[in-house]
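Note sheet for the following structure.
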Amino acid sequence: MNLNLYGHAGQWLMVDCGVTFNSPLSAQYSTVDGTPNAEVLAADPTFISQQKENLCGIVITHAHEDHIGALPQLWQRFNCPVYTTPFTAEVLRRKLSGLGLADKVPVIEVLSGATINIGPFCLHWLAITHSIPDPHALVIKTLAGTVFHTADWKIDASPITGRAFKSTIFKRLAQHNITAMVCDSTNALREGFSLSEADCHNALLQVVKAASGRVVVTGFSSNVGRLISLARIAAQTGRYLALLGRSLDNMVGVARATGYWPDELTVVDASHIGYLPKEEVLVIATGSQGEPRAALSRLADDNHPLLLLEQGDLVVFSSIIIPGNEMLISRLVEKFNARNIQTLQSHDTELPIHVSGHPNRGELDLLYRWVQPQIAVPVHGEAAHLAANADVAKAAGVPQQLTGLNGDLFVLAPVPRLWPGFVKAGRIALVR
């Protein structure tokens with residue numbers, strides 16, 4: 001549930017405003033640590049909502065729920081402009097429409113590579129590669145110093161959507177005296193380099209080609225590149241592609257509206273899929289984490305109104321198991337297996353039927369060496385991930401590493417002179 005605040009000259013800039021999802025099982029019960037019993041959680045916005053007159057803008061780096069999901073619910077506490085790129089803006093507008101806020105929230109579209117001023121902050125938008133269209137890192141400049149905020153990223157030379165990762169762009173940052181690099185730690189415990197979405201496409205093609213019955217693939221709805229790969233695989237293998245789940249329909253709609261969905265790729269009406277020969281069926285279904293109300297759970301319970309699976313059909317989990325969902329997914333797999341419906345998870349095969357959208361240690365090392373920041377601030381992940389990221393930064397020659405807990409404030413640089421209205425000593429600061 002990312003929500004970052006950068007403070008300078010008495011004003012604040014918010015970067016991302018997301019949610020996290022409680023396990024559907026644990027959300028039903030009281031917790032010993034005081035975590036609310038809710039399916040969806042957001043960061044506590046009290047600090048900035050109590051001084052919203054000092055919040056000059058909100059920037060959304062990409063459209064994943066952990067970066068954008070809380071904004072429609074929390075915006076009225078902030079009441080300031082929202083800046084983001086076109087794909088993310090389309091996702092946000094659809095969310096706002098559902099709450100009757102579409103005409104109230106000023107959403108300002110920013111083109112990739114643009115430089116804009118928001119209060120005392122000068123932001124430069126750098127295209128990055130990740131598991132959703134239009135992800136961007138930010139270079140945030142102030143008179144006190146410059147922060148490179150990576151957001152979620154990986155090095156992907158062959159992404160399905162957008163352009164390949166361009167190392168030259170980030171190597172140039174070393175010339176800009178970067179004060180701090182605030183960096184994704186999600187895969188900091190993994191050695192080497194992450195695989196490309198193109199590798200995943202090839203693996204899924206191999207699996208679908210070998211299947212004789214219906215194939216259902218489940219994954220994350222926001223991974224438009226994966227959806228495009230599956231649409232191409234359907235065409236290559238003589239199958240019809242259908243979508244089961246509202247979030248999938250919505251994301252394909254966003255991709256079409258913003259030019260990311262290739263015109264030649266077709267999706268059939270889901271109500272027709274149950275009448276087709278089994279060897280001509282390829283379905284993408286929501287519910288990769290075992291969510292009880294999702295399409296995949298209904299297929300497992302044999303009560304989906306549009307499709308019934310039979311012995312010899314195949315369910316492919318093109319996803320990871322998010323910690324806390326192990327039992328839900330295990331139960332789902334058991335239901336399919338009891339009906340002699342095959343299942344394939346990423347740990348069942350050496351084929352990369354799922355690839356991560358985050359950098360492994362090799363990628364972290366390269367980016368730190370290219371950017372050469374004075375300070376590393378690892379974010380995203382648990383304490384072990386942050387510590388591992390900090391170790392990579394230290395080995396790459398970054399002089400100082402700052403790790404902390406949610407809610408900590410890091411002073412990143414002093415301002416060379418006093419700023420009116422800012423506590424006697426000016427500074428640039430980050431609140432996580």
Side-chain angles (χ1 to χ4, degrees), residues 129-133 154 156-162 164 187 193-245 247-249 251-252 255 260-262 264-268 270 273 276-290 294-296 299-300 307 309 312-322 329 332-333 336-337 341-358:
T129 48
H130 185 43
S131 53
I132 194 170
K154 67 184 288 185
D156 193 337
S158 304
I160 303 300
T161 61
N187 284 345
F193 292 78
S194 62
L195 295 177
S196 170
E197 273 295 324
D199 297 315
C200 188
H201 171 276
N202 295 335
L204 290 170
L205 175 60
Q206 188 173 334
V207 169
V208 175
K209 268 187 175 180
S212 57
R214 301 172 188 84
V215 180
V216 175
V217 180
T218 186
F220 301 111
S221 302
S222 60
N223 193 333
V224 172
R226 194 77 48 86
L227 305 184
I228 291 172
S229 286
L230 289 165
R232 288 174 175 159
I233 289 168
Q236 290 171 292
T237 57
R239 293 176 182 261
Y240 293 95
L241 180 72
L243 309 175
L244 295 180
S247 61
L248 286 165
D249 291 328
M251 199 54 65
V252 170
Y260 280 97
W261 191 267
E264 72 275 10
L265 296 181
T266 59
V267 178
V268 302
I273 204 73
L276 295 173
K278 61 181 182 180
E279 66 275 8
E280 295 181 6
V281 172
L282 176 58
V283 168
I284 308 175
T286 57
S288 66
Q289 300 306 305
L296 194 64
L299 291 171
L307 181 65
L309 299 182
D313 292 342
L314 172 64
V315 176
V316 179
F317 288 79
S318 184
S319 57
I320 58 167
I321 298 176
I322 295 175
I329 296 171
L332 200 60
V333 170
F336 284 122
N337 291 343
I341 296 168
Q342 303 173 57
T343 58
L344 183 65
Q345 296 177 267
S346 56
H347 59 258
D348 297 329
T349 175
E350 293 184 358
L351 294 172
I353 60 173
H354 172 70
V355 297
S356 175
H358 302 272

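Residue numbers start at 1 and run along the sequence shown. Treat the numbers as computed from the prediction; the structure is a model and nothing was measured.
For T218, the side chain to side chain contact (heavy atoms under 4.5 Å, CB included) test picks out S288, L296, F317, with sequence neighbours left out. With sequence neighbours left out, N202 forms a side chain to side chain contact (heavy atoms under 4.5 Å, CB included) with no residue at all. Listed by chain and number, the residues in a side chain to side chain donor-acceptor pair (under 3.5 Å) with R214 are E310, D313 (sequence neighbours excluded). Legend: residues meeting side chain to side chain contact (heavy atoms under 4.5 Å, CB included) with S158, ordered by chain and number and at least two apart, are D156, S196, A198. In this structure T161 satisfies the side chain to side chain donor-acceptor pair (under 3.5 Å) test with no other residue, sequence neighbours excluded. Taking H358 as the reference, H130 meet the ring-ring contact (aromatic ring centres under 6.0 Å, His included) condition, with sequence neighbours excluded. Remark: L195 pairs with D199, P352, V355 by the side chain to side chain contact (heavy atoms under 4.5 Å, CB included) rule, at least two apart or across chains. Under the rule for a salt bridge (charged side-chain N to carboxylate O under 4.0 Å, His left out), the partners of R226 that lie at least two apart in sequence or sit in another chain are E197. Residues satisfying the side chain to side chain donor-acceptor pair (under 3.5 Å) criterion with S356, sequence neighbours excluded, are N187. With sequence neighbours left out, S221 forms a side chain to side chain donor-acceptor pair (under 3.5 Å) with S247.
Rounding to the nearest 0.5 Å gives a distance of 11.0 Å between CD1 of I321 and NE2 of H354. Rounding to the nearest 0.5 Å places CD1 of I284 at 6.5 Å from CG of L248. Between I233 atom CD1 and H201 atom NE2 the span is 4.5 Å, to the nearest 0.5 Å. Atoms CD1 and CG, from I341 and L299 in turn, are 8.5 Å apart once rounded to the nearest 0.5 Å. With values rounded to the nearest 0.5 angstrom, L244 atom CG is found 6.0 Å from L307 atom CG. Interatomic distance, CZ of R239 versus NZ of K278, reported as 10.5 Å (0.5 Å rounding).
Looking only at side-chain heavy atoms (C-beta outward), L314 and V207 come within less than 4.5 Å of each other.
Of all heavy-atom pairs between T129 and A164, the closest is CG2-C, 4.1 Å. Closest heavy-atom contact between G287 and A294: CA-CB, 3.4 Å. Residues I329 and G290 approach most closely at CG1-N, 4.0 Å, considering heavy atoms. Across L230 and L241, no two heavy atoms sit closer than the pair O-CD1, 4.4 Å. In plain terms, the two heavy atoms of S222 and P133 that are nearest each other are O-CD, 4.1 Å. Residues Y260 and G162 come closest through the heavy atom pair CE2-N, 4.3 Å.
Counted within 6.0 Å of CD on E264, heavy atoms from surrounding residues, nucleotides or ligands total more than 12; the atom is thus considered enclosed.
Proximity of a side-chain donor or acceptor of Q236 to a complementary backbone N or O of L205 within less than 3.5 Å is not detected. Within the 3.5 Å criterion, the main-chain N or O of F336 finds no donor-acceptor partner in the side chain of Q342. Put simply, the side chain of T343 never gets that close to the backbone of V315: no donor and acceptor are under 3.5 Å apart. The main-chain N or O of F220 is never found under 3.5 Å from a side-chain atom of N223 such that the two would form a donor-acceptor pair. For S346 (side chain) and I353 (main-chain N/O), no donor-acceptor pair under 3.5 Å exists by modelled atom type.
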